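What follows is a short report on a single structure.
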Amino acid sequence: MAALAGLNKKHDYVLVIRDADVVAAALRQALAEASAEERPGLERAAALVRSTAAATESGLRADWVRSRLAEAGFTGDLASMAALKALRQAEPQLSLLAAVRLQKEALGHPE
C-alpha cells in the first residue's frame, strides 16, 4: 500500500490555523439570544476568544511547543538539546531545522 503524499517526509514548517473569528461569531450569536443566567459565562467565553485571537502566530507556535513538551513529560530547560530531542520525539514529522526554529521561537516568547 502506498503512503499518503507527504506523510513519510520530514517537514520544515508548522501551520497555524486560526478559527477564532468563527468561534467569536458563534458567541456573538449566542449572546444575542442568551438569557440573563447564560450571559456571564458567554461574556467570559467571548473575552477569552478575543484574547486568543490577539495572539501572534509565533506566540501560538511557542505555546504549541511548550504543550507538546509538557505532554511528552519534558520538564527541563527549554534551551537544551534534551528539549529539542523531546520535541522531535513528540512530533517525529518535524525536521531538525523546523524543531530548532520552533525551539528558538519558544525561547523568544517566555510564558
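Because the structure is a prediction, the values reported are computed rather than measured.
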What are the two closest non-hydrogen atoms of [X] and [Y], and how far apart are they?
X    : Y    : result
H109 : T56  : NE2-OG1, 4.1 Å
A62  : A106 : CB-CA, 3.5 Å
A83  : L69  : O-CD2, 3.5 Å
P40  : E37  : CD-O, 3.6 Å
A99  : L87  : O-CD2, 3.9 Å
L42  : A34  : CD1-CB, 3.6 Å

Return the [atom1] to [atom2] distance between [X] and [Y], rounded to the nearest 0.5 Å.
X   : Y    : atom1 : atom2 : answer
R88 : Q93  : CZ    : CD    : 10.5 Å
R68 : L102 : CZ    : CG    : 12.0 Å
E43 : L27  : CD    : CG    : 11.0 Å
T52 : D19  : OG1   : CG    : 10.0 Å
Q89 : L84  : CD    : CG    : 10.0 Å

If you count heavy atoms of other groups shown closer than 6.0 angstrom to CD of E111, is the number above 12?
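It does not: E111 CD has 12 such atoms or fewer within range.
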Treat each ILVMFWY residue as a node, draw an edge where side-chain heavy atoms are under 4.5 Å apart, and state whether V23 and L48 are in one component.
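No.
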Are L31 and V49 connected, step by step, through hydrophobic side chains (Ile, Leu, Val, Met, Phe, Trp, Tyr) whose heavy atoms are closer than 4.5 Å?
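Yes, it is one cluster - the side chains of L31 and V49 are joined through contacts under 4.5 Å.
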Donor-acceptor pair, side chain of Q103 and main chain of S80, under 3.5 angstrom:
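Side chain of Q103 to backbone of S80, a donor-acceptor pair under 3.5 Å: yes, one is there.
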State whether R101 and E105 are salt-bridged, where the test is any N-O pair (Lys NZ or Arg NE/NH1/NH2 against Asp/Glu carboxylate O) under 4.0 Å.
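Judged by the 4.0 Å cut-off on N to carboxylate O distance, R101 and E105 do not form a salt bridge.
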